[in-house]
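Note that the coordinates shown come from a computational prediction; the quantities given were computed from them, not determined experimentally. Numbers here simply count residues along the sequence, with the first being 1.
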Amino acid sequence: MSTFRSIVFSSVIAGFIVGLIVTAVQQFGTVPLILRAEVYEKAATHKHEAAAPPQVILVHDHADHDHGAEAWEPRDGLERNVYTAGANILTAIGFALLLCGFLAVRSGATGERISWHEGLMWGLAGFAVFTIAPGLGLPPELPGVPTAPLLSRQIWWVTAVLATAAGLGLIVFRRSMPAAIAGVVLIMLPHLIGAPELEHVETNVPSSLSHQFMVAVTLTSLVFWSLLGSLTSAAFAYFDQPSSSARG
């Protein structure tokens with residue numbers, strides 16, 4: 001029960017801090033780029049509506065024109081920032097719980113306290129698994145940039161994450177040549193299959209803006225995972241002291 005409390009407390013504290021920091025980083029990195037892309041997206045929508053031929057509506061059918069069917073989204077400014085911060089905090093807490101679970105198992109197996117250096121390495125592994133590997137096939141896209149169907153992209157993304165995690169696990173923990181070869185094959189497999197993509201992509205969003213967004217998202221994710229690994233491991237080591245002393 002003491003270890004369970006350590007996991008929960010560490011995850012909540014580290015996740016809350018990391019979520020707030022990443023939200024602040026996004027305000028200077030990804031958010032301005034998203035807002036600029038939304039301008040291009042709205043301009044393209046208005047242009048398409050203006051170019052569409054006029055239609056004669058004989059019967060006004062509410063089933064075909066639902067005024068309340070538009071997707072809800074928070075207003076720009078404080079409301080949008082609050083929702084973004086909440087989502088970042090919940091995401092960070094969720095990943096911190098996962099990370100703390102691995103740290104607890106490793107600490108229990110070795111009987112040694114987890115250092116923030118080891119936590120940083122786990123964080124960088126998370127960055128490789130959840131950002132680098134899927135990002136090679138499905139780079140982050142701005143609003144207004146057409147993408148392949150959502151379900152196919154989600155399936156490929158999950159496959160890439162699981163294959164990369166399993167491959168790294170074989171390489172790091174098995175430490176044998178056959179396991180290393182199998183790990184490399186697993187990591188490469190999703191990319192050999194190929195991520196789903198459209199044959200023709202037409203967008204008025206500048207490619208330079210998309211490139212800046214991809215770089216900003218990658219750097220923000222690096223900050224996220226580096227801080228999450230370091231702070232989670234440091235918090236877990238602090239709260240798990242009684243358990244470590246009892247095991248000793």
Side-chain angles (χ1 to χ4, degrees), residues 22 26 29-31 33-45 47-49 52 64 66 68-74 80 83-84 86-88 90-95 97-99 123-171 181-222 224-225 228:
V22 168
Q26 288 175 335
T30 58
V31 171
L33 298 176
I34 292 174
L35 295 177
R36 287 171 59 187
E38 288 178 347
V39 174
Y40 288 100
E41 182 183 27
K42 293 176 182 177
T45 302
K47 181 179 180 180
H48 175 74
E49 292 176 349
D64 295 331
D66 186 1
E70 295 183 359
W72 176 89
E73 61 180 16
R80 188 170 186 170
Y83 276 97
T84 300
N88 287 336
L90 290 177
T91 301
I93 291 176
F95 278 120
L97 286 169
L98 182 64
L99 181 58
L124 293 177
F127 173 68
V129 169
F130 291 100
T131 301
I132 296 298
L136 291 175
L138 293 175
E141 298 288 358
L142 283 165
V145 179
T147 57
L150 178 61
L151 180 59
S152 60
R153 288 187 288 121
Q154 288 177 331
I155 293 174
W156 189 90
W157 189 93
V158 172
T159 302
V161 167
L162 294 178
T164 305
L168 288 178
L170 288 174
I171 295 173
I181 295 175
V184 172
V185 172
L186 272 176
I187 293 173
M188 294 177 58
L189 185 59
H191 305 283
L192 294 176
I193 296 173
E197 58 183 16
L198 298 176
E199 293 183 1
H200 303 286
V201 177
E202 295 183 2
T203 178
N204 61 342
V205 178
S207 58
S208 59
L209 192 63
S210 295
H211 178 72
Q212 293 175 32
F213 182 70
M214 182 179 63
V215 173
V217 169
T218 303
L219 293 178
T220 302
S221 181
L222 177 60
F224 173 87
W225 282 106
L228 190 69

Would you name the heavy atoms of [X] and [Y] that are closest together and state the gap between them?
| X | Y | answer |
| --- | --- | --- |
| Leu228 | Ala92 | CD1-O, 3.6 Å |
| Pro196 | Trp156 | CD-CB, 3.6 Å |
| Pro190 | Leu186 | CD-O, 3.2 Å |

Once you round to the nearest 0.5 Å, how far does [atom1] of [X] lie from [atom2] of [Y]?
| X | Y | atom1 | atom2 | result |
| --- | --- | --- | --- | --- |
| Thr30 | Leu35 | OG1 | CG | 9.5 Å |
| Leu198 | Thr203 | CG | OG1 | 11.5 Å |
| Phe130 | Leu98 | CZ | CG | 6.0 Å |
| Phe95 | Phe224 | CZ | CZ | 6.0 Å |

Show me the side-chain donor-acceptor pairs of residues 137-152 shorter than 3.5 Å, one per line, residues at least two apart or across chains.
| from | atom 1 | to | atom 2 | distance (Å) |
| --- | --- | --- | --- | --- |
| Thr147 | OG1 | Arg153 | NH2 | 3.3 |
| Ser152 | OG | Pro149 | O | 2.8 |

Audit row: Gln26, Asn88, side chain to side chain contact (heavy atoms under 4.5 Å, CB included) steps and yes/no: CA-CA 10 Å; Gln26 288 175 335; Asn88 287 336; 2.9 Å; yes
Side-chain heavy atoms of Ile187 within contact of Ile171, under 4.5 Å: yes
N/O donor-acceptor pairs under 3.5 Å from side chains in residues 159-168, not counting sequence neighbours:
| from | atom 1 | to | atom 2 | distance (Å) |
| --- | --- | --- | --- | --- |
| Thr159 | OG1 | Ile155 | O | 2.8 |
| Thr164 | OG1 | Ala160 | O | 2.7 |

Counting only pairs under 3.5 Å, give me each side-chain donor-acceptor contact of residues 213-222, with atom names and distances, residues two or more places apart or in other chains.
| from | atom 1 | to | atom 2 | distance (Å) |
| --- | --- | --- | --- | --- |
| Thr218 | OG1 | Met214 | O | 2.8 |
| Thr220 | OG1 | Ala216 | O | 2.7 |
| Ser221 | OG | Thr131 | OG1 | 2.5 |

